[in-house]
Participant: 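What follows is a single structure, and I will ask about it in a moment.
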Amino acid sequence: MARNLNALVLVLLAVATALHGSAAQTRHVVGDTTGWTIPSGGAATYVTWAATKTFAVGDTLVFNFSTGQHDVAKVTKSDFDGCNGKSALLTITNGPASVTLNETGEQYYICTFGSHCSLGQKLAINVSKASKSPSPASAPQPSGSSSPKTSPIPSPTPTPTPAPTAKSPSSAPVTYTVGDTLGWTVPKNGPAAFKTWASGKTFKVGDILVFNYQLNQHNVDEVTKEKFDSCNLTSPLATYTTPPVRVTLKKSGTHYFICGFPEHCPGGQKLAINVTGSGGSTATPPSTATPPSSATSPPPSSPRNPSSPSPTGAATSPPPQNSSAASFGAVGLFATLLSIAAALFY
């Protein structure tokens, strides 16, 4: 009887250790219900999401997106800051994509489609070491008594790794890419294109406008209201010629921009914005903007298909929900070991 009880204790300890190891691995769905997309709140969306999570080696990131609409590229910090996906460490093109965290430290992910990264589709996380499973207690030695005493099984309490602290972006300026994926060009629907783009935004002193266009195909002239209304190309307040042009908004009031190439302004390549007091926004600005690939016409509505192949074994198609504690495999292991224990006991 004593030997059977000791065997039961050992089996239960093995089951507890197996279940704890399974529970230590977590599946994180990036952005939760937002998914992996261009967030309406800018880069702050994924900063806020990551700030509430603890990432450890062995955990999995799940990027939910439609194949052909986005991708996932693991990059260095400098490429993350510059939204450069040309030298990615890893690129996954099929969604949903699953990435297993296999190293500690800072890790960086972006979408390489067009200006998606510069519009906020980027994620930085800090990965800590996986928590170690506690050592099982020593099995009690059998005694001469028919009812041996056994030591209680201690409940393992892993030390949680503190979540990374999100940097407050409240005082940071916002970078706006003029026209977003359209870029700075002659729009098909005339002046309404840039008017519509500006209508939903709040511009403040310190914010930055980025004009993306091909060299020698366009330029950027800042002009007065009268010259803006009449598309007068003479004597602009400032002229910028080398793309991408970055204009920092240094004073409040209405600012007017046109293209100084003949017929471009009358064709609708003109932008008027209203700038309010000193800056700040809840969005984290991207470091740079990616120039569009087209020359004089806006890019096609459907995004390009990335050429980087999916790495072998690096991605699977996971379910979109976060995993919680033990997997089905751990439950099966528990049932098997419990059956062995019952056989030994009886």
Side-chain angles (χ1 to χ4, degrees), residues 22 24-128 130 163-164 181 284 286 290 301-324 327-329:
S22 175
Q25 297 179 354
T26 304
R27 187 182 298 273
H28 305 277
V29 176
V30 176
D32 294 330
T33 56
T34 300
W36 182 239
T37 186
I38 301 174
S40 58
T45 300
Y46 293 115
V47 172
T48 302
W49 176 82
T52 62
K53 306 290 187 296
T54 299
F55 304 95
V57 171
D59 289 356
T60 302
L61 298 180
V62 178
F63 295 82
N64 281 331
F65 62 90
S66 298
T67 302
Q69 300 295 321
H70 305 280
D71 64 7
V72 180
K74 182 179 180 181
V75 296
T76 62
K77 184 180 187 304
S78 59
D79 286 344
F80 176 83
D81 293 337
C83 284
N84 178 17
K86 293 181 180 179
S87 55
L89 306 174
L90 166 72
T91 301
I92 304 175
T93 59
N94 294 327
S98 177
V99 177
T100 301
L101 304 176
N102 54 13
E103 59 182 344
T104 60
E106 296 285 344
Q107 297 189 24
Y108 305 92
Y109 301 89
I110 65 173
C111 177
T112 66
F113 275 49
S115 57
H116 290 199
C117 173
S118 63
L119 295 174
Q121 194 172 357
K122 55 196 302 189
L123 169 69
I125 63 172
N126 184 40
V127 181
S128 61
T181 56
T284 302
T290 304
S301 59
S302 61
R304 62 169 177 81
N305 288 325
S307 59
S308 303
S310 299
T312 303
T316 58
S317 295
Q321 292 81 18
N322 285 335
S323 295
S324 56
S327 64
F328 286 108

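Predicted model only: the values in this text are computed from it and were never measured.
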Participant: Could you tell me the separation between the NZ atom of K53 and the CG atom of N126, rounded to the nearest 0.5 Å?
Facilitator: 15.0 Å
Participant: Using the side-chain contact (heavy atoms from CB on, under 4.5 Å) criterion, which residues pair with T45? Sequence neighbours excluded.
Facilitator: P39
Participant: Kindly indicate, with the supporting measurements, whether the criterion disulfide bond (SG atoms under 2.5 Å apart) is fulfilled by C83 and C117.
Facilitator: CA-CA 6 Å; C83 284; C117 173; 2.2 Å; yes
Participant: Could you pull out the closest heavy-atom pair between F55 and W49, with the gap in Å?
Facilitator: CZ-CZ3, 3.8 Å
Participant: Do V72 and W36 touch side chain to side chain, with heavy atoms closer than 4.5 Å?
Facilitator: yes
Participant: Quick one: closest heavy-atom pair of H70 and F65, and the distance?
Facilitator: O-CE1, 3.2 Å
Participant: Identify whether NZ of Lys or CZ of Arg in K122 sits under 6.0 Å from the centre of the six-membered ring of F80 and within 45° of that ring's axis.
Facilitator: yes
Participant: State, to 0.1 Å, how close Y46 and G35 come at their nearest heavy-atom pair, and which atoms those are.
Facilitator: OH-O, 2.7 Å
Participant: Could you please spell out the steps behind the side-chain contact (heavy atoms from CB on, under 4.5 Å) verdict for L101 and I125?
Facilitator: CA-CA 10 Å; L101 304 176; I125 63 172; 4.0 Å; yes
Participant: Would a 4.5 Å heavy-atom cut-off, applied to side chains only, mark V75 and Y109 as touching?
Facilitator: no
Participant: Determine the minimum heavy-atom distance between S87 and N84, stating which atoms define it.
Facilitator: OG-ND2, 4.3 Å
Participant: Would I92 and F63 satisfy side-chain contact (heavy atoms from CB on, under 4.5 Å), going step by step from the backbone distance to the final call?
Facilitator: CA-CA 10 Å; I92 304 175; F63 295 82; over 6 Å; no
Participant: To the nearest 0.5 Å, what is the distance between NE2 on H116 and OG1 on T37?
Facilitator: 7.5 Å
Participant: Kindly indicate, with the supporting measurements, whether the criterion side-chain contact (heavy atoms from CB on, under 4.5 Å) is fulfilled by D71 and T91.
Facilitator: CA-CA 7 Å; D71 64 7; T91 301; 4.1 Å; yes
Participant: Given side chains that start at C-beta, do those of R27 and D59 come closer than 4.5 Å, heavy atoms only?
Facilitator: no
Participant: For I110 and Q121: C-alpha separation, side-chain torsions, deciding distance, then whether side-chain contact (heavy atoms from CB on, under 4.5 Å) applies.
Facilitator: CA-CA 6 Å; I110 65 173; Q121 194 172 357; over 6 Å; no
Participant: Can you give me the closest heavy-atom contact between G95 and T67, atom names plus distance?
Facilitator: N-OG1, 2.9 Å
Participant: Decide, yes or no, whether a salt bridge links K74 with E106 under the criterion of side-chain N to carboxylate O below 4.0 Å.
Facilitator: no
Participant: Would you name the heavy atoms of T60 and S98 that are closest together and state the gap between them?
Facilitator: CG2-OG, 2.8 Å
